[in-house]
Amino acid sequence: MKKLPITLKTLPFALPSLLGIVALALLFPTTGALAASHANTEVEEVGKQPVQVDFPSGGNLKMDLCSSGVEIIGVDKNRVLVSYDGPKDNSRVKVSLKTSGSEGTVEVDGCTHDNFRITIEVPRQTHLHVRMAAGELRVEDITGNKDLELHAGELNVDLGRAGDYAHVEASVMTGEVEAAAFDVSKGGFFRSFERKGPGRYRLHAHVGLGQVTIN
């Protein structure tokens, strides 16, 4: 008859190992479930501010913003914070923030149209995709890819170091394109410019009717 692999002599040593394996098997699913719950966040507030969610540095943020004056600022904090101010009733302003790991979305609706201002703070290292119908959009102190478009209004981008970019393009259907870092100043219909460089990031800046300024 074959001997059993675990004898009475080895049992005291084998038992703690078996118990350890069982404990780890029970622990890991619980840990994974907790991590998943923190990785996905959805916050929606109407008429209340500021609105905030945790968000990692280096993530991708998509923004769909109502017509207004918007300032998107990079800060040394791993979170997205949205605040706003307007002279009229702001009780219908809706802010929706959603995150899933390193992906996130920001939506702001119900803005009043009389000097309504929005400030959005994001991690300094963030890749942005922003769309607005009309207004003024300013992007400052943010390192990463930037895909920015307005149908009408003013778009001001703080480029940082031009050498950090592999591809830069800016255009207007009607209006002006100003980019001092690239010695570009154009005005009129269907104005644009494009530059390539040694960096890793990309900038796409477009306004249908209005002005693009790259500093």
Side-chain angles (χ1 to χ4, degrees), residues 55 57-75 80-86 95 103-109 111-215:
F55 191 72
S57 177
N60 301 298
L61 270 179
K62 289 188 175 182
M63 300 188 185
D64 186 2
L65 308 174
C66 52
S67 298
S68 56
V70 178
E71 190 171 25
I72 305 174
I73 307 171
V75 297
V80 176
L81 185 145
V82 179
S83 59
Y84 53 83
D85 181 50
V95 178
E103 303 290 326
T105 62
V106 177
E107 297 181 1
V108 183
D109 296 314
C111 304
T112 56
H113 297 295
D114 187 6
N115 199 30
F116 187 81
R117 311 291 300 182
I118 304 170
T119 301
I120 304 174
E121 296 182 1
V122 304
R124 200 174 301 279
Q125 175 77 32
T126 299
H127 304 297
L128 291 176
H129 180 281
V130 183
R131 296 293 183 267
M132 281 179 60
E136 180 184 359
L137 173 61
R138 182 179 298 274
V139 177
E140 297 180 354
D141 297 328
I142 297 173
T143 301
N145 298 319
K146 301 173 180 69
D147 187 338
L148 315 168
E149 290 192 7
L150 282 76
H151 292 303
E154 296 182 15
L155 172 56
N156 296 277
V157 185
D158 174 19
L159 189 70
R161 296 185 301 178
D164 288 342
Y165 290 81
H167 187 260
V168 174
E169 60 173 330
S171 62
V172 296
M173 295 182 67
T174 305
E176 298 179 358
V177 177
E178 301 286 341
F182 302 99
D183 195 25
V184 171
S185 179
K186 298 182 177 183
F189 297 99
F190 303 104
R191 296 302 184 184
S192 66
F193 86 94
E194 184 176 0
R195 294 289 188 276
K196 294 184 179 180
R200 56 184 295 195
Y201 303 120
R202 301 176 67 87
L203 168 64
H204 166 75
H206 174 75
V207 174
L209 172 63
Q211 180 171 330
V212 175
T213 303
I214 300 174
N215 299 311

Participant: Less than 4.5 Å apart, side chain to side chain, heavy atoms only: is that true for Asp141 and Arg124?
Facilitator: yes

Participant: Check whether any side-chain heavy atom of Val106 lies under 4.5 Å from a side-chain heavy atom of Phe55, and answer yes or no.
Facilitator: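 No, too far: nothing below the 4.5 Å cut-off.
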
Participant: Mind listing the closest non-hydrogen atom pair of Val207 and Gly153 along with its distance?
Facilitator: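 Shortest heavy-atom contact: CG1-O, 3.5 Å.
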
Participant: Which heavy-atom pair separates Glu176 from Val172 by the least distance, and what is that distance?
Facilitator: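 Smallest interatomic distance, heavy atoms only, reads O-CG1, 3.5 Å.
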
Participant: With a 3.5 Å distance limit and no angle check, can you tell me whether Arg131 reaches the backbone of Asp147 through a side-chain donor-acceptor pair?
Facilitator: yes

Participant: Can a donor-acceptor pair be found, under 3.5 Å and without considering hydrogens, that links the side chain of His127 to the backbone of Asn145?
Facilitator: yes

Participant: Using the rule side-chain contact (heavy atoms from CB on, under 4.5 Å), only one of Ile72, Val139, Ile120 pairs with Val130; which is it?
Facilitator: Ile72

Participant: How far apart are the closest heavy atoms of Asp158 and Glu140, and which atoms are they?
Facilitator: CB-CA, 3.8 Å

Participant: So Ile118 and Met63, do their side chains get closer than 4.5 Å, heavy atoms only?
Facilitator: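 A side-chain contact is absent here, since even the closest heavy-atom pair is not under 4.5 Å.
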
Participant: With a 6.0 Å cut-off (strictly less than), is the heavy-atom count around CZ of Arg161, excluding the residue itself, greater than 12?
Facilitator: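 Counting neighbours around CZ of Arg161, 12 or fewer heavy atoms of other residues, nucleotides or ligands fall under 6.0 Å, so no.
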
Participant: Less than 4.5 Å apart, side chain to side chain, heavy atoms only: is that true for Tyr201 and Lys146?
Facilitator: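 Contact flag for Tyr201/Lys146 side chains = no.
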
Participant: More than 12 heavy atoms of other residues, nucleotides or ligands under 6.0 Å from NE2 of His204: is that the case?
Facilitator: yes

Participant: Tyr84 and side-chain contact (heavy atoms from CB on, under 4.5 Å): which single residue from Thr119, Val95, Val108 fits?
Facilitator: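 Only match with Tyr84 under side-chain contact (heavy atoms from CB on, under 4.5 Å): Val95.
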
Participant: So which atom in Ser57 and which in Gln125 form the shortest heavy-atom distance, rounded to 0.1 Å?
Facilitator: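 So the two residues come closest at OG-CB, 3.2 Å.
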
Participant: Are any of the side-chain heavy atoms of Met173 and Phe189 separated by less than 4.5 Å?
Facilitator: no

Participant: Hey, are Arg117 and Glu136 close enough for a salt bridge, meaning a charged N less than 4.0 Å from a carboxylate O?
Facilitator: yes

